[in-house]
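Data first, discussion second: the structure below is written as structure tokens.
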Amino acid sequence: MQIAVIGAGYVGLVSGACFAEFGIEVCLVDTDASKIEALKAGRMPIYEPGLDKLVADNAREGRLTFTTELETAVNGADAVFLAVGTPTRRGDGHADLSYVFAAAEQVARAAKGPLVLVTKSTVPVGTGRRIKQLVREARPDLDIAVASNPEFLREGAAIGDFMRPDRVVVGVEEGETGERAAEVLRRLYRPLYLIERPVMVVGLETAEIIKYAANAFLAMKISFINEVADLCEKAGAHVQDVARGIGLDGRIGRKFLHAGPGYGGSCFPKDTLAFARTGQDLGAPLRLVEATIDINDQRKKAMADRVIAACGGSVSGKTVAVLGLTFKPETDDMRDAPSLDILPRLIEAGATIRAFDPEGMSHAQQVLPKGIHYAKGALDAAKGADALVVLTEWNEFRALAPQRLAEAMRGKVLVDLRNLYEPEQMREAGFEYSSVGRP
């Protein structure tokens, strides 16, 4: 089989490389010529563990190719996947679908024969129907089936998520056209069927809602445990034990119950906002989702105040070391990372920032305020600092010897916003240790 993937961003590149690993011929298309040239040369535009090797192996075998020429990629393809961005639209919180609609129309005009047009991007309910209308207006003579195939890829674990998913969701139209699209997608995902991974075939609208509902529910779990963490601190309880105690209940599950500075990244912030706006527009407000958004926004702002309080009520003239800048480990993604709210507030309060992140510093320099010193390593960041703040739970930070950290620093304030360290161990090393959800 042969497919084209429009968009060489995170979703498009990972999905295209994984489909190629299935033995499918994949042509990845992007309008950014420099990105395409970099991919041809084996340079990845994003950091994702294992992606460079996966791309290199499949490119070498001829299963994965890259181009800026849409028509070349589309013609002969059994399916075309739209994997372009759907950022938050300025001013109203809705998803910006202009890239999706433009790509769909371009595919329709470039196609020379029947094909299946699949939305991989995260789009609000009703988008598939609008794409169908746009395609029909652009090319009334063309036989194109529209489908939805939302992705559920976690940054830092995306390849494993694609190769061993909890489920594959396929949304199709009613009738013969939908059946044709479903059959094409079943064939593309046959390697997953053989390892008994569920493939759900549902309606277009159902598939679109599944994606948003899944992300919103996970975001709700994060905001829930963050509020519980605040209660634990007041009550003298331990949030990690509380999380384990409720997470062992099979009805709840253990994942996404880690208290911290709030969620960020490319999905949860924009998707919860778009989902809430959709509910408002359709007269079915999602009040729990709306509360989740507000709780998370306030959480990030409160974390800077927590650091200032730990430093005796002022960080003016003090050096604060920050470990971790990305929104989570194993990625270089800075989108909506808690550091984007916390560091500017500390700088405004008079702090000097020394920061280190294993993968995210080049991106961080583009979005964080000027004047931050970017260190060569964790101990270099801690050197001479009055306080140390842990923002991202990279494994290499776990391995730091408490005594070496203490020796590197001038002060001994440690604010562990990811509960990375054992409190007693850090206190024995001389730190004034504070974390989230612990008395």
Side-chain angles (χ1 to χ4, degrees), residues 85-96 122 124 155 211-234 239 243 256-281 285-310 315 320 322 324-328 331 333-349 351 353 360 363-364 367-369 389-393 415-419 435-437:
T86 54
T88 298
R89 195 166 67 191
R90 290 184 180 179
D92 62 7
H94 285 283
D96 182 352
T122 300
E155 293 188 50
K211 169 63 178 180
Y212 274 107
N215 278 358
F217 189 81
L218 296 174
M220 284 169 54
K221 287 185 75 173
I222 294 171
S223 287
F224 174 79
I225 202 62
N226 281 338
E227 289 209 308
V228 171
D230 291 342
L231 176 63
C232 286
E233 290 176 24
K234 300 291 186 182
V239 73
F256 291 86
L257 289 176
H258 303 288
Y263 61 76
S266 61
C267 295
F268 288 179
K270 75 178 182 66
D271 290 354
T272 50
L273 194 56
F275 200 35
R277 292 291 183 268
T278 297
Q280 292 166 3
D281 288 350
L286 301 165
R287 290 186 290 273
L288 286 175
V289 179
E290 292 171 6
T292 296
I293 295 166
D294 181 62
I295 291 166
N296 195 63
D297 288 344
Q298 296 305 316
R299 182 75 177 177
K300 293 177 182 179
K301 294 183 176 75
M303 292 301 101
D305 294 333
R306 182 181 291 251
V307 173
I308 293 170
V315 291
V320 177
V322 176
L325 299 170
T326 55
F327 85 97
K328 64 178 289 189
T331 181
D333 199 338
M334 287 292 299
R335 284 174 287 185
D336 280 292
S339 61
L340 297 178
D341 289 287
I342 296 169
L343 268 60
R345 170 77 178 95
L346 295 177
I347 292 170
E348 183 182 313
I353 304 294
H363 288 175
V367 293
L368 284 170
V389 182
V390 180
L391 281 185
T392 314
E393 64 276 33
V415 185
D416 184 1
L417 297 181
R418 294 292 185 175
N419 287 326
S435 59
V436 293

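Note: hydrogens, waters and symmetry copies are ignored here, and every other heavy atom, side chains too, is used. Position 1 is the first residue of the sequence; numbering continues from there.
Between the CG atom in Leu391 and the CZ atom in Arg418 there is a gap of 7.5 Å [rounded to 0.5 Å]. In this structure, Glu290 CD and Leu273 CG are separated by 10.0 Å, a value rounded to the nearest 0.5 Å. Note: Ser339 OG to Lys300 NZ = 9.0 Å, rounded to the nearest 0.5 Å. Taking CG from Leu257 and CZ from Phe224, the interatomic distance works out to 8.0 Å, rounded to the nearest 0.5 Å.
By the 4.5 Å heavy-atom criterion applied to side chains, Asn296 and Phe268 are not counted as neighbours. The shortest distance between side-chain heavy atoms of Leu417 and Ile342 falls below 4.5 Å. With contacts defined as side-chain heavy-atom distances shorter than 4.5 Å, the pair His363/Leu325 does not qualify. With contacts defined as side-chain heavy-atom distances shorter than 4.5 Å, the pair Thr88/Asp96 does not qualify.
The two residues Val239 and Ala259 make their nearest non-hydrogen contact at CG1-CB, 4.0 Å. Considering every non-hydrogen atom in both Cys232 and Gly437, the closest pair reads CB-O, 3.6 Å. Minimum interatomic distance between Phe327 and Ala337 (heavy atoms only, all atoms of both residues): N-CB, 3.6 Å. Residues Thr392 and Gly324 come closest through the heavy atom pair OG1-C, 3.2 Å. Pairing each heavy atom of Ala304 with each of Leu346, the nearest pair is O-CD2, 3.8 Å. In terms of heavy-atom proximity, Ala95 sits nearest to Ala274 at N-CB, 4.0 Å.
Judged as a side chain to side chain donor-acceptor pair (under 3.5 Å), and not counting sequence neighbours, Asn226 has no contacts. Qualifying side chain to side chain donor-acceptor pair (under 3.5 Å) partners for Gln298, counting only residues two or more places apart in sequence or in other chains: none. With sequence neighbours left out, Asp230 forms a side chain to side chain donor-acceptor pair (under 3.5 Å) with Arg299. Remark: Asn419 engages Ser435 in a side chain to side chain donor-acceptor pair (under 3.5 Å) (not counting sequence neighbours).
Here side chain to side chain donor-acceptor pair (under 3.5 Å) pairs that include residues 259-279, with residues two or more places apart or in two chains, are Thr86-Lys270, Glu155-Ser266, Asn215-Asp271. Residue pairs meeting the salt bridge (Lys or Arg N to Asp or Glu O under 4.0 Å) criterion with at least one member in residues 335-346, sequence neighbours excluded, are Asp305-Arg345, Asp333-Arg335.
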Evaluation steps, side chain to side chain contact (heavy atoms under 4.5 Å, CB included), between Leu368 and Met334
CA-CA 10 Å; Leu368 284 170; Met334 287 292 299; 4.3 Å; yes

